[in-house]
Amino acid sequence: MPSEWKVLKRAVESLDLTSDEFEDYVMVITDVYGDAIASSGDFEDFSEEYYDFLNRKVFPHERVISTLREAGVSEEDLIVFQDGEVPCDDLVKTWNKIEFNIDELVDMAMMLKLVKDYSFYSENDMIESRYRFQKLLYFINKYLKKEESYTISNSVGGELGMLDRTGYRYRFTRRDSGPYSNVAYEDKNRLYAWSLIDELVVSEDGTGEVAERNRRYGIKLTPRGEAMVKRVYDRIEESDSVIIYSWNDTQNKVVREIAGMSHDELTNMVKGDKSLLRAESGDELLVGPEKKFQTSEINFVEELTEEIAHG
Amino acid sequence: MEIEPKIRFAIEHITFGYGVHYLLQVLLLQFASLFLSFQFSKDLVLEVEKKSLFMIVYSGASVIFVLILLLFVKRMSERTLSPKLHRKSNILVSAAGYFLASGVIVVFGYVILIHATSRGTGIGALDYVFSVMLTALFATLLAVGYHARVVDDQPDRDRIINTISKWEESFSWVEYEEGTEGRKSTREEFGSSLEEISDLLSMAKTKDGRELKDEFESWRSSFEQHSQLSKETIIRGQQNKGNERLEQEHKQLEEIRDQFQVIKGS
Amino acid sequence: MQPYKKLEDVVPHEENILILTTSDTCFNYDFSDIVEEIREGIRGDKLLIEEYYHSLSDLSNRDKLIQNSVWVIHWNECLKDDQYPQLGFYLETRSYPNEAEVIICVDGGSATVSKVESEYPHLTVASSKEQLVAYSRGHLNTANPITKGGRKKIKRWNEEVCEDLGVI
C-alpha cells in the first residue's frame, strides 16, 4: 500500500487545526520523521512494524507535542500522541477506501465478466495468458469500432463507430507483442491485488507479452471474484442500456471467436491486424472512449462500488 | 595556462607524452654519426661540377624527407589521445620541432666541420641546400626513430576510431521505445562502450590525453549514479529551462564528445 | 529503467521528481529552488534526487512519466481549466504507479484548495511551498534506501514500473 507516511498528516485531521497550524505541524512532523528514519528506521514492512515505529519515535517527539500544544490541541488529544497510541491502522483503512469513478468501475466489472465468460469456453477454465487477455480487450474495442453507431441518437461516432460511446477506456499502443495497454495491465493488477482474479504460472514458455517474457500466466476468477461477478452478471446481460448491451454483445462474440484459437492462431490473427501492420513500435493503435457513463445510466453502481472499493 | 604546462605541452609536440630521453637517445646517435663522418672524411666540402643537377637532387630529396617526416609525425599525433595534437596546425608545429632539433645538429656540424676547418670560405648556395636536405634527413630519422621507440604500446588508429565510433553509435539507445529489444541491446552496448573508452583513455600519455581521461572519468562516475531517466536527459539535453544540474552534465558530455570527434578526425 | 535484481542493488538510488508546469515556478519560487530544499531534507547519502521537467505537449509519452516516483503538478497551470485533458485522464484513471506520490500544487485560497482536494481525494494537495517540500520529503524519506523497509519499497516500485514498461 503506497504513501504510508501520510498517516502523519491524517493523524491530525480530526483536530480542527487552522491551515497555518496544520502547516506548522506538517513541517515539524516530516522533519522529526526524517530524523527518526535516519537514526532508528529499523522496520522492514509498512504495516504493524512501521506504525509501531511512528508511535515510538515520531508522534511522541517533544517537537511534535509542543507544536500541537501551541496549536491549542486539548490535553486529551495530546495524550494519544504522547503515549504513542495513534491508531495508524484505522487511519490507513479509512482513507484507503478508494472511490473509483463510474467508468473505471464498469471497466473492471466488464473485465471480470470477460474472465468468467472466457473461462466457460476455455478448456483450461481460464484465460491462458496475459498475452491473450490483452488481445481480447483489444479486439473487443476493435470490433466495437467497426460497429455502426446508428443506435445512438446525436452520435458523433463516425470513424470510431460504437467505440466512441462504449467499450474499454484503454489506449492500445504497438509493442513487440502487438497491441498492448498499460492501463489495462494496471486494472488487471488491481483485480489481482483485491483477490478477485488469480494468476497462475501455466508454462515456463513466455509469450513475448509485457511481463510475460519468461513465464506464461493463466488468469482465472477467485471464489471471491466469482461471487462478485455473480452479483452483476445478469444485470449486465439484461441491461437495457444500449451502450452496455452493445459492449457486452461484442465482448461475447470476441470471446467465442478467440476461445477456440490456439496460441499460434491468435498470434496470426494479431499479426494480420491492419492497424498493426501500418504502425511503428510505440505508435497508438486504438483509443477507447474517455467518458462513457453517468451514474444514473448504470443500475448496479452501488453493488460495484461496494465490492470494489472495499476490495 | 601557467608557464610550465605551456613548455610541457610544447615539448609534447615532439615527445607525444613519452620521456624526453628517447629523443635525446636518437639525437645523440645522430651526433655520433656526425662525429664519425668527421673522423673518416678528409674533405667534407665536395667540389662538384654540375651544381644545378645536385641542386635539384638535394631539393628533391629534401622534399621527400619532409613528406616522410610529416607522415610519421601525423601518424604519431593520430595515435595520441590529445585532441590538440590532432589538429593540422599542431602537426606542422611537431614537424617544425623535429626540424629545429635536427637543425641544431647541422649547425653544430657546420661550426666544427666547416667553419672550423675552412673558416666558411667557398660555401655556396649548393652547400645551403645540402644543409637543408641534411636537416630534413636528420629530422626524418629522428621522427622515424622516435616512432619506432614509442608507438608500439599506443592504441592503434583503428582501435581509437572503432572505440569512439561504437560509443557514438550506442547513444542511440535513447531513441528506442521503452521495453523494446533495440533499446535493451543498444543500452548494453552503451554500457560496455563506456568501459572501452575508459580502457582507451587509460593509455593516454600526453598531458591533454590525461586531462581528457580525468574529465571523462569524473563525468562517468557521476553519470552512472543517475536513474535512467536522468541519463536520458543528460544525453539528450533540455530544450527549455530545465534541470540545471543535469544540463551541466550534458554540457560536459558534449565537450567530451567534441574532443573525441577531433581525435577520431571527423 | 532497469530492474533491481537484488535488494542490495537499490543502493545508491536516484529518484526523479516529475515537474509539470508551464512557468517553472510555483508559490513564487523556482521549482529548481524548491527541489533543492527538498533535497536538503533527505536523510543519509544513499538517495539522490533529480527533478525532471516533462513537456506538457508530450503527455502521451506515459513511459517517461511513470519513471518518476513523485509527480508535482501545478494545478493552476495544468488542471484548472482542463488545459491538458490527457493529464486529467491519467489522474482520473490512476495511470501512475501505485507506489508514486502525486502532489497537486494549488496556488489559491482555502476554498479552491478544498475544491481540488474533493476533486482528487486520492491525491495529495499542497497549498504552499512549505507543504510541498514537507510532503515530498515525507515520501522520499520513506522510500529512502537508508532503511531496509525503504529499500524494499524502492524495489517494489522499480518492479511495478519495469513491468509497466515491459522491461521485465
Side-chain angles (χ1 to χ4, degrees), chain B residues 167 169-198 217-254 256, chain C residues 1-4 9-25 30-36 39 45-58 60-72 100 143 145 154 157-158 161-168:
Chain B
W167 189 46
E169 281 162 21
S170 68
F171 277 100
S172 66
W173 68 268
V174 298
E175 305 301 333
Y176 288 91
E177 284 283 316
E178 289 281 358
T180 56
E181 267 309 308
R183 186 180 175 94
K184 192 179 168 208
S185 57
T186 46
R187 199 191 52 231
E188 282 169 3
E189 275 169 28
F190 182 76
S192 63
S193 63
L194 280 179
E195 201 60 51
E196 285 166 26
I197 291 277
S198 268
E217 293 302 346
S218 144
W219 172 84
R220 184 188 169 192
S221 69
S222 168
F223 178 80
E224 288 190 334
Q225 291 206 346
H226 286 298
S227 68
Q228 197 146 302
L229 197 60
S230 297
K231 283 178 181 167
E232 270 197 65
T233 309
I234 292 169
I235 290 172
R236 286 179 192 277
Q238 295 159 98
Q239 296 293 328
N240 305 312
K241 183 178 178 290
N243 183 322
E244 285 166 19
R245 292 151 56 102
L246 298 184
E247 190 56 26
Q248 197 56 38
E249 288 187 49
H250 168 73
K251 283 182 185 154
Q252 281 174 5
L253 171 64
E254 289 301 297
I256 291 169
Chain C
M1 177 171 273
Q2 284 172 293
Y4 289 131
D9 296 345
V10 169
V11 185
H13 173 75
E14 182 174 283
E15 293 273 0
N16 287 100
I17 300 179
L18 170 68
I19 310 284
L20 292 174
T21 166
T22 54
S23 65
D24 294 328
T25 61
D30 270 1
F31 265 115
S32 54
D33 293 337
I34 296 175
V35 173
E36 189 53 43
R39 198 180 277 125
D45 58 358
K46 295 179 170 61
L47 180 65
L48 309 169
I49 306 290
E50 287 298 344
E51 73 267 33
Y52 171 70
Y53 296 85
H54 189 88
S55 165
L56 286 156
S57 58
D58 187 31
S60 59
N61 195 349
R62 184 175 165 276
D63 283 354
K64 292 283 174 287
L65 302 178
I66 62 171
Q67 293 182 51
N68 297 272
S69 68
V70 177
W71 292 25
V72 176
I154 290 169
W157 174 77
N158 173 270
V161 177
C162 284
E163 279 199 356
D164 199 340
L165 294 174
V167 296
I168 51 172

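A, B, ... follow the sequence lines: proteins, then strands. Residue 1 opens every chain.
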Is E36(C) in contact with chain B via its backbone, its side chain, both, or neither, using a 4.5 Å heavy-atom distance?
side chain
What part of L48(C) gets closer than 4.5 Å to chain B, counting heavy atoms only: side chain, backbone, both or neither?
side chain
Which atoms of I66(C) approach chain B - backbone, side chain, both or neither, heavy atom under 4.5 Å:
neither
Looking at CZ of R62(C) and CD of E178(B), how far apart are the two atoms once the value is rounded to the nearest 0.5 Å?
11.5 Å
Considering only heavy atoms, which portion of N158(C) lies under 4.5 Å from any heavy atom of chain B: side chain, backbone, both, or neither?
neither
Separation of E177(B) CD from N61(C) CG (nearest 0.5 Å):
7.0 Å
Determine whether more than 12 heavy atoms belonging to other residues, nucleotides or ligands lie under 6.0 Å from atom CD of E244(B).
no
From Y53(C) OH over to Q239(B) CD, what is the distance, rounded to the nearest 0.5 angstrom?
15.5 Å
Looking only at heavy atoms, what is the nearest atom pair of E51(C) and N243(B), with distance?
O-ND2, 2.8 Å
Find the distance between CD (E50(C)) and CZ (R245(B)) and round it off to the nearest 0.5 Å.
4.0 Å
By residue number, those in residues 226-233 of chain B with heavy atoms under 4.5 Å from heavy atoms of chain C are H226(B), S227(B), Q228(B), L229(B), S230(B), E232(B), T233(B)
